[in-house]
Trainee: 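Please find one structure pasted underneath; my questions will follow.
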Protein chains: 2
Amino acid sequence: MELTEYHLVEKSICPVARTAQILGGKWTILIIRDLAAGVKRFNQLERSLQGISPKTLSERLRSLEEEGIVIRQTFAEAPPRVEYLLTEKGCDLVSVIDSMRAYGKQWLCNK
Amino acid sequence: MELTEYHLVEKSICPVARTAQILGGKWTILIIRDLAAGVKRFNQLERSLQGISPKTLSERLRSLEEEGIVIRQTFAEAPPRVEYLLTEKGCDLVSVIDSMRAYGKQWLCNK
DNA sequence: CGGGATCCCACCCGATACTG
DNA sequence: CAGTATCGGGTGGGATCCCG
């Protein structure tokens, strides 16, 4: 990955902004939430995240791997098998997700 | 604001995603964080959020107002004065911000 | 002081097709 | 199964200039 000036600047900002930056994007938190429930394979994620395209899922998983939030385990079998799971750094995001869910339930979804 | 199909669909998703949607964007949480510290004027925000353009600040404040998270108070004076403050819905976001800060401090900024 | 108007670019994301 | 390649759109954000 090429490091632009944008990245260099952004890496040095405050904790709140950095966390938001990682969680930004339409699918990221949903992926983490699903993986928090247990190890999952690519197609399992693709099904549970209804509507995501394989390209986007692949991109998100890859950047989460670079961030050290998910681990990608490959098994040399036929058919090929790849499993995704959260690191400790990833599991700790659950508390953030929980507070977002609590807020969303109270203020955004009245059901 | 024109409601595209995109918006209609997005409004109905889960609490976690809805919260993330509101907090997404580079500056939104930082604005809320600053307003959580007290009422602020446009230029005060522009200074404390170093690097934000007036256009972006204006856009973000306006959409936060539409979401019912901030209140815009205008005073008919010379020079004109406008103050921004959080609603109760906005104040409740502080707990989310706090958990994001805690995570960021532990995993993203080692200082 | 508190913005709006305009132009432009980087990114994220979706749809579709294809592959080892 | 687990992706990659390609194309293209919409949105957020920045730069600059302007206004009541």
Side-chain angles (χ1 to χ4, degrees), chain A residues 1-10 13 17 20-31 35 39-67 70-85, chain B residues 1-10 13 17 20-31 35 39-67 70-85:
Chain A
M1 184 176 96
E2 189 195 357
L3 280 185
T4 64
E5 186 185 354
Y6 176 78
H7 288 95
L8 296 176
V9 169
E10 296 306 301
I13 51 185
Q21 193 179 310
I22 289 183
L23 263 38
K26 183 173 173 182
W27 297 103
T28 313
I29 336 169
L30 302 176
I31 294 173
L35 289 182
V39 176
K40 284 202 166 55
R41 301 174 60 172
F42 191 88
N43 272 8
Q44 284 183 291
L45 285 169
E46 199 173 356
R47 275 189 298 271
S48 65
L49 302 164
Q50 275 204 348
I52 195 173
S53 71
K55 176 200 160 193
T56 301
L57 178 55
S58 174
E59 281 176 357
R60 292 300 98 208
L61 285 170
R62 205 160 287 277
S63 75
L64 286 173
E65 197 187 351
E66 282 176 12
E67 287 280 1
V70 313
I71 294 174
R72 181 186 133 107
Q73 271 180 340
T74 64
F75 300 87
E77 304 172 352
R81 183 159 62 104
V82 179
E83 289 181 349
Y84 295 92
L85 56 131
Chain B
M1 183 176 95
E2 189 194 357
L3 280 185
T4 65
E5 188 185 354
Y6 175 80
H7 289 96
L8 295 176
V9 169
E10 296 305 303
I13 51 183
Q21 195 178 308
I22 290 184
L23 263 37
K26 183 172 170 181
W27 296 103
T28 312
I29 337 168
L30 301 177
I31 293 173
L35 289 181
V39 177
K40 284 201 165 55
R41 302 173 61 171
F42 191 89
N43 272 8
Q44 284 182 292
L45 285 170
E46 200 173 356
R47 276 190 297 272
S48 66
L49 302 164
Q50 275 205 347
I52 194 173
S53 70
K55 174 202 162 194
T56 301
L57 179 55
S58 174
E59 280 175 0
R60 292 300 98 209
L61 285 170
R62 204 160 288 275
S63 75
L64 286 174
E65 197 188 350
E66 284 176 13
E67 287 280 2
V70 312
I71 294 174
R72 182 187 133 106
Q73 271 181 339
T74 63
F75 300 86
E77 305 174 351
R81 183 159 62 104
V82 180
E83 289 181 349
Y84 295 92
L85 56 134

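Chain letters run A, B, ... following the sequence lines, proteins first and then strands; every chain starts at 1. Because only heavy atoms are used, hydrogens play no part in the values below, and waters and symmetry mates are left out as well, while side chains stay in.
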Trainee: Please pick, from D/dG3, D/dG13, C/dG2, the nucleotide with the shortest atom-to-atom distance to any side-chain atom of A/Val82.
Mentor: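 Between D/dG3, D/dG13, C/dG2, the one nearest the side chain of A/Val82 would be D/dG3.
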Trainee: Return the nearest nucleotide to the side chain of A/Arg60; candidates are C/dG14, D/dC1, C/dC12.
Mentor: C/dC12
Trainee: How about A/Gln50: does its CD atom have over 12 heavy atoms from other parts shown lying under 6.0 Å from it?
Mentor: no
Trainee: Sequence neighbours left out, what passes salt bridge (Lys or Arg N to Asp or Glu O under 4.0 Å) with B/Glu65? Give chain and number order.
Mentor: none
Trainee: Could you check how far CD of B/Glu77 sits from C1' of D/dG20, rounded to whole Å?
Mentor: 16 Å
Trainee: So, B/Glu59 and B/Lys55, do they make that salt bridge, N to O below 4.0 Å?
Mentor: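 Between B/Lys55 and B/Glu59 there is a salt bridge, with a charged N closer than 4.0 Å to a carboxylate O.
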Trainee: If the sugar-phosphate is the primed atoms plus P, OP1 and OP2 and the base is the rest, what is the B/S/- string for nucleotides 4-9 of chain C, using protein heavy atoms under 4.0 Å?
Mentor: S-BB--
Trainee: Take the protein atom CG of A/Asn43 and the nucleotide atom C1' of D/dG3, then report the distance between them rounded to whole Å.
Mentor: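 Rounding to the nearest Å, CG of A/Asn43 and C1' of D/dG3 are 9 Å apart.
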Trainee: Expressed as a whole number of angstroms, how long is the span from A/Lys40:NZ to D/dC1:C1'?
Mentor: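 Roughly 17 Å, once rounded to whole Å.
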Trainee: So, for A/Thr28 and A/Leu23, which heavy atoms are closest and what is the spacing to 0.1 Å?
Mentor: CB-O, 4.0 Å
Trainee: Once you apply a heavy-atom cut-off of 4.0 Å, does B/Phe75 come out as touching a base, just sugar-phosphate, or nothing?
Mentor: nothing
Trainee: Only one of A/Leu30, A/Ile52, A/Leu35 forms a side chain to side chain contact (heavy atoms under 4.5 Å, CB included) with A/Leu45, so which one is it?
Mentor: A/Leu35
Trainee: Whole angstroms only, please: what is the CG-C1' distance between A/Leu57 and D/dG3?
Mentor: 9 Å
Trainee: CD of B/Gln21 versus P of C/dC13: gap in Å, rounded?
Mentor: 12 Å
Trainee: Report yes if at least one side-chain N or O of B/Ser53 is closer than 4.0 Å to OP1 or OP2 of D/dG13; otherwise report no.
Mentor: no
Trainee: Could you state the CZ-P distance from B/Arg47 to C/dG3, rounded to the nearest angstrom?
Mentor: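 Atom-to-atom, B/Arg47 to C/dG3, this comes out as 14 Å.
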Trainee: Using 0.5 Å steps for rounding, measure from the CZ atom of B/Arg60 to the NZ atom of B/Lys26.
Mentor: 12.5 Å
Trainee: How many Å lie between CD on B/Glu46 and C1' on C/dG3, as a whole number?
Mentor: 9 Å
Trainee: With a 3.5 Å distance limit and no angle check, can you tell me whether B/Ser58 reaches the backbone of B/Pro54 through a side-chain donor-acceptor pair?
Mentor: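 No, the answer is negative, given that no donor and acceptor are paired below the 3.5 Å cut-off.
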Trainee: With a 4.0 Å limit, can you tell me whether B/Tyr84 has a side-chain N or O closer than that to the phosphate oxygens OP1/OP2 of C/dG3?
Mentor: yes
Trainee: Examine C/dG14: is either OP1 or OP2 under 4.0 Å from a nitrogen or oxygen in the side chain of A/Trp27? Give yes or no.
Mentor: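 The answer is yes; a side-chain N or O of A/Trp27 sits under 4.0 Å from OP1 or OP2.
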Trainee: Identify the pairs formed between an N or O of the protein and an N or O of nucleotides 18-20 of chain C at a distance under 3.5 Å, and give each distance.
Mentor:
none

Trainee: If you check the A/Arg81 side chain, which of C/dG14, D/dA2, C/dC1 turns out closest?
Mentor: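 Between C/dG14, D/dA2, C/dC1, the one nearest the side chain of A/Arg81 would be D/dA2.
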Trainee: Let me know the distance between CD of A/Gln73 and C1' of D/dA2, rounded to the nearest Å.
Mentor: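 Going from CD in A/Gln73 over to C1' in D/dA2 covers 16 Å.
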Trainee: What are the two closest non-hydrogen atoms of A/Leu57 and A/Glu46, and how far apart are they?
Mentor: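 Shortest heavy-atom contact: CD2-N, 3.8 Å.
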Trainee: Less than 4.0 angstrom between a side-chain N/O of B/Arg41 and OP1 or OP2 of C/dC1, yes or no?
Mentor: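 Indeed not, no polar side-chain atom of B/Arg41 lies that close.
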Trainee: Counting C-beta onward and ignoring hydrogens, is there a side-chain heavy-atom pair between A/Leu61 and A/Phe42 closer than 4.5 Å?
Mentor: yes
Trainee: Within a strict 4.5 Å, meaning less than it, do heavy atoms of the A/Tyr84 and A/Gln44 side chains meet?
Mentor: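 No, their side chains stay 4.5 Å or more apart.
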